[in-house]
Amino acid sequence: MTKPPLTLYLAAPRGFCAGVDRAIKIVEMALQKWGAPVYVRHEIVHNKFVVDSLRDQGAVFVEELDDCPVDRPVIFSAHGVPKAIPAEAARREMVYVDATCPLVSKVHIEAARHHENGLQMIMIGHAGHPETIGTMGQLPEGEVLLVETVEDVAHVEVRDPQQLAFVTQTTLSVDDTIDIVAALRDRFPAIVGPHKEDICYATTNRQEAVKAIAPDCDALLVVGAPNSSNSRRLVEVARKAGCPYSQLVMRAENIDWRALEGIASIGVTAGASAPEVLIDEVIDAFRARWDVTVKLVETAQENVEFKVPRVLRIPA
Ligand code: SF4
C-alpha cells in the first residue's frame, strides 16, 4: 500500500540546552566519583526518559532533603533551590553538588543584589514551579512578590513603588512576558529590571523556531514532559502562531494518531529537557505511516556550553 505524502517541518534549535546537558553530566560524574546511590533532589531535569536512565545507573530521586541519608551525596536540580536547602545540607555535613543552570544562578544573583540595594522584588513566574520556588527562596520569606499575568500586576501590593525591581523565570513565553513587563513598567515607572527579561537563550530560540514553522503546519508536536515549563510554552506558541493542532507528547507512543488523520504537514520540536533519541523515535513513527519528507527549519545556531565542575564540590 502506498503511503500518503507528509512534509515534516523539523524545528532547529530544539531539545537539549546547555543547562540540561550540564546537569545530566554532573549526575553521571557524581555516580562515577562516589558510586551508587547518589541522591538527586527533584527530577534533575523534567524528562522521564532522562530520569529513568539515571535511575538505572544508581541515582535516587527524592523531593526533600529529609529523604536523603546524610552519608550519601545529594545533587540539586538544574531548576535551582532556595538558599535554605544548601545551607541545611551543609549544617548536616552532607556532600552536595549544585547542578543549578548558570542562567538560573544569574537570576538568583540579580535578585540578591537588588535586595541588598533595598529594593523589593517582583518575580514574573509560574507559582509552584521549582525554579520560581528556588528564585523566590534566595531572599527572606515575603520579600519576593509573584506575578503570573498582566491581571496580577494590577493587584500586586508593594511597599514603595519607587523601590522596586523585577526578575523573571527563564522558561516563560517571550511574548506573554513582554506584556507583563510592559504592565509593570506602566504601573511602576521606577521599577528596575533586566534590559528585557531573564528568559534564557534556549527558551527564546526554541520559541522562535516554532513560530517559523507553525503557520505552515496542519499540526505540531512538542516532545517534552507535562511538567516542563519551556515545553508547555512551545505548545502555546505554536497555537498562537496559527497552527490549528498543537500537542505535547512524551514520546512516540503518546501520539494521538486519530487526531492527525488527513494532515499533509506536521511540525516537530522538543523542549530543552527532551533528548534527541525521543525526537528520532517520533520521526520514525511518522515514517511508518506516511511517505515523509523532512524539512529542517533552522532559525538560530547554538554553541553555548557550560563547564561542568571538574572537582565536585564538598562543603567544608
Ligand atoms: S532552559 Fe535555559 S535556564 Fe533552563 S536549564 Fe536550559 S539553558 Fe538553563
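Every number for a ligand or one of its atoms is a count from 1 in the order of the listing. Because the structure is predicted, anything quoted here is derived from the model rather than measured. Count residues from 1 along the sequence.
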(message) Do Arg72 and Trp34 form a cation-pi contact, if we require the NZ or CZ to be under 6.0 Å from the six-membered ring centre and within 45 degrees of the ring's axis?
(response) no

(request) Classify the contact between Ala78 and ligand 1 as side chain, backbone, both or neither, using a heavy-atom distance cut-off of under 4.0 Å. (result) neither

(request) Write out the residue and atom name of the closest protein heavy atom to atom 3 (S) of ligand 1, then the distance separating them to 0.1 Å. (result) Thr170 OG1, 3.3 Å

(message) I need the minimum non-hydrogen distance between Ala78 and Ala23, along with the two atoms involved.
(response) CB-CB, 3.8 Å

(message) Show me which atoms of ligand 1 lie under 4.0 Å from any heavy atom of Cys101.
(response) 3 (S), 5 (S), 7 (S), 8 (Fe)

(request) Salt-bridge test for Arg92 and Glu88: reply yes if a basic N is under 4.0 Å from a carboxylate O, no otherwise. (result) yes

(message) Taking 4.0 angstrom as the limit and counting only heavy atoms of Cys17, give me the atoms of ligand 1 inside it, by number and element.
(response) 1 (S), 5 (S), 6 (Fe), 7 (S)

(message) Please determine whether residues Phe16 and Met29 belong to a single hydrophobic cluster, defined as Ile, Leu, Val, Met, Phe, Trp and Tyr linked transitively by side-chain heavy-atom distances below 4.5 Å.
(response) yes

(message) Quick test: of every protein heavy atom, which one is nearest to atom 1 (S) of ligand 1, and how far off is it to 0.1 Å?
(response) Cys200 SG, 3.6 Å

(message) Salt bridge or not between Asp284 and Arg289? Use side-chain N to carboxylate O under 4.0 Å.
(response) no

